[in-house]
Amino acid sequence: MSIRTKVFLIIFVLFAALGAADFIIQRFIIYPSFLELEYREAGENLQRIFHAIDRETYHVGRLCRDWATWNDSHDFMATGSERFIESNLSDDSLDNISLNMIAFCDTSGNIVWSRVRDLEEKTTLQLGFMDGGHIDLKHTTLSVHPSPAGGRGNRGIFNTEAGPMLFASREILRSDGSGPSNGFLIMGRFLNQAMLETLQEQTRLSFEIVGPLDMAKPLCHTSGMTPMTVGDLHYFTKTEGGNMVSCAGYQDETGETLFGVQYLFPRETTRKGLASIRYAVFLVIGSGVTVLVILNLMMQAVVLRPLKRLTDHAVKLQEKGDYSLRLDLPRKDEIGVLAKSLDSLVQTISDRTVELQRANEQLTQLSLNDALTGIANRRMFDVYLKQEWRRAMREQAPLSIMLADVDHFKNFNDTYGHQQGDMCLIGVAAVMQLHMQRPADLLARYGGEEFAVILPGTDAEGAEHIAGVLAQAVRDLRIEHSGSDAAPCVTLSIGVVTTVPSPEEGDGSMDILLEQADQALYQAKNSGRNKVQAWTPEQFKAE
């Protein structure tokens, strides 16, 4: 048997074995990994949904805390003032803060005043746990416990005959947090279709709520589903054709399942995985056939010497790593093409190595995080503002920005030293970042003691509210500042501006927007500091 035949048979067997091994690996190792990724993605998406529900509960808790720790509420429990009811507890007032339920109870659970409404139908509802004008002190809403923010309270979700309700309860104290408590305030929102749509928009996931109250849909359809775990979340999942169904039960503090969340999404990962497997198998087969044909044509004595030269050149490149070496084999046949391709590949490797080094240097120089505070820096702010400006221009959505300045920061450095000044900036940045409510909101260090915030899709009223929250959060840090005439602690002056970018104005109006925010900040500082100054859209257009 000739060498040519032997080599051909050996290579054929090797390629056949390689093709079989590649298929086994792709089918029984790679494909299951795609499926595992889908399962994990399903669990992570369920976690996102649960976190979104928890965030809504947290917002109700913050609203309840603000109302419960308020002199007017405390006085209302003592006097039953009709004026308080007219000013704060009208249907319009409750609609504006999206509350389905509010109840004032004394310390024995007797309801002093309450209202339960369907916000869509504008009708009054009756809930069984409030029958007789009394709430059992053992009921979930009144099972209060000490809160880190002071006082006693509770928040969570419980089932009602009208559906699951997000609730928060707090004991009623004075505005300074002092007692004695003379009752409890309970606030609630139904986890209804309207809230479901809001949560779907926030998470960008299409899901549905199923629960024990919906007897037409057994909880999570767990029959035939596979139990899975991601972190501390236990959920069920199964495949249905080209889709995957995943479900998990939402539990209260006692471990009782209140309702289920079911999520359906296309199996894009496995579909692409199968396509990749087919492509890999065809590629191996095609490559093997091509190589066999070429080798069969080239197995002649005249080929061996050029191949030896090619081999020696490749070994030299590997040993020395000198990509300036070139073979320059003057042939016009396949060996010449291979030699030329090798030289071209070496040149490409050399060029790519230089480009990679340059890219790494540029990447280091274009770091988008502030070294001191860890938040975005000015470069990131500029890039993100341009991006969100164009998005707002396309969608004709509001865009708000704010510039915040630490009041009398030079005096702070002069009084406490630059090291403490750095610690102050780190603390201010951390607490402001903590209060960024949405992933799309960006906090950046604008320069020195100045910070900037970009709020996509936020109108003037919402931006001014967020600015007030940030200013209050910094004041709550209670960082001593004896060199400030605005307050005995570190405070912020904030300028806020909101606009809807016009396509006719183009990107040039971004500079005007920043200028308006800077002017608003100047007005806040010029009028005594420790203030939020908003620039209204009408004033902006007038300028």
Side-chain angles (χ1 to χ4, degrees), residues 62 66 69-72 174-177 373 375 378 381 400-418 420-437 441 443-455 458-499 511-543:
R62 287 190 57 189
D66 292 342
T69 311
W70 186 21
N71 286 337
D72 288 1
R174 295 187 177 90
S175 296
D176 59 3
T373 62
I375 62 175
R378 175 66 180 275
F381 173 84
S400 297
I401 66 171
M402 60 179 75
L403 295 181
D405 190 77
V406 179
D407 294 325
H408 297 294
F409 188 73
K410 182 179 183 303
N411 293 345
F412 187 96
N413 279 336
D414 293 341
T415 304
Y416 302 99
H418 288 277
Q420 288 300 317
D422 289 346
M423 295 303 295
C424 173
L425 291 178
I426 292 173
V428 170
V431 76
M432 292 177 71
Q433 184 65 52
L434 182 64
H435 287 78
M436 293 292 101
Q437 298 298 318
D441 298 339
L443 170 67
R445 187 179 179 192
Y446 200 66
E449 69 274 16
E450 196 169 12
F451 298 88
V453 178
I454 300 176
L455 302 171
T458 303
D459 59 19
E461 181 180 355
E464 189 170 355
H465 169 73
I466 294 173
V469 170
L470 296 180
Q472 183 61 46
V474 172
R475 287 193 292 268
D476 289 344
L477 289 175
R478 302 296 182 188
I479 301 175
E480 182 182 350
H481 189 357
S482 60
S484 173
D485 58 11
C489 60
V490 170
T491 58
L492 290 181
S493 294
I494 303 178
V496 184
V497 62
T498 302
T499 189
D511 294 334
I512 298 176
L513 187 66
L514 287 172
E515 181 181 351
Q516 300 290 357
D518 190 65
Q519 291 178 9
L521 173 60
Y522 175 80
Q523 292 175 11
K525 295 166 66 176
N526 198 40
S527 59
R529 303 178 187 268
N530 189 19
K531 293 182 178 180
V532 174
Q533 178 67 48
W535 191 283
T536 66
E538 291 76 13
Q539 291 172 311
F540 172 72
K541 292 178 180 178
E543 290 292 321

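Only heavy atoms go into these numbers, but all of them, side chains included; no hydrogens, no water, no symmetry mates.
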Exercise. Has Arg445 got its NZ or CZ under 6.0 Å from the middle of the six-membered ring of Phe451, at an angle within 45 degrees of the ring axis?
Worked result: no
Is there a side-chain contact between [X] and [Y] (heavy atoms, below 4.5 Å)?
{"X": "Gln533", "Y": "Ile494", "result": "no"}
{"X": "Leu470", "Y": "Met436", "result": "yes"}
{"X": "Ser482", "Y": "Thr415", "result": "yes"}
{"X": "Leu403", "Y": "Ile401", "result": "no"}
{"X": "Cys424", "Y": "Phe412", "result": "yes"}
{"X": "Val406", "Y": "His481", "result": "no"}
{"X": "Arg174", "Y": "Thr69", "result": "no"}
{"X": "Thr498", "Y": "Thr458", "result": "no"}

Closest heavy-atom pair and its distance - [X], [Y]:
{"X": "Asp405", "Y": "Glu450", "value": "OD1-CB, 4.0 Å"}
{"X": "Ile375", "Y": "Ala429", "value": "CD1-CB, 4.1 Å"}
{"X": "Thr491", "Y": "Ala487", "value": "CG2-CB, 3.6 Å"}
{"X": "Val490", "Y": "Glu480", "value": "CG2-O, 4.5 Å"}
{"X": "Ala444", "Y": "Phe381", "value": "CB-CB, 3.8 Å"}
{"X": "Trp70", "Y": "Ser175", "value": "CA-OG, 3.4 Å"}

[Y] and [X] side chains, donor-acceptor separation under 3.5 Å:
{"X": "Gln519", "Y": "Gln523", "value": "no"}
{"X": "Asp476", "Y": "Gln472", "value": "yes"}
{"X": "Tyr522", "Y": "Ser493", "value": "no"}

[X] side, atom [atom1]; [Y] side, atom [atom2] - distance, nearest 0.5 Å:
{"X": "Asp485", "Y": "Asn411", "atom1": "CG", "atom2": "CG", "result": "8.0 Å"}
{"X": "Leu443", "Y": "Met402", "atom1": "CG", "atom2": "CE", "result": "9.5 Å"}
{"X": "Gln437", "Y": "Leu455", "atom1": "CD", "atom2": "CG", "result": "10.5 Å"}
{"X": "Trp535", "Y": "Glu464", "atom1": "CH2", "atom2": "CD", "result": "14.0 Å"}
{"X": "Lys531", "Y": "Leu521", "atom1": "NZ", "atom2": "CG", "result": "13.0 Å"}
{"X": "Ser400", "Y": "Asp441", "atom1": "OG", "atom2": "CG", "result": "9.5 Å"}

Exercise. When you look at Ile426 and Met423, which way does the side-chain contact (heavy atoms from CB on, under 4.5 Å) test go after all the steps?
Worked result: CA-CA 5 Å; Ile426 292 173; Met423 295 303 295; 4.3 Å; yes
Exercise. When you check the gap from the basic side-chain N to the acidic O, do Arg62 and Asp66 get nearer than 4.0 Å?
Worked result: no
For this session: Run the salt-bridge test on Lys525 and Asp407 with the 4.0 Å N-O cut-off and return the result as yes or no.
Result: no
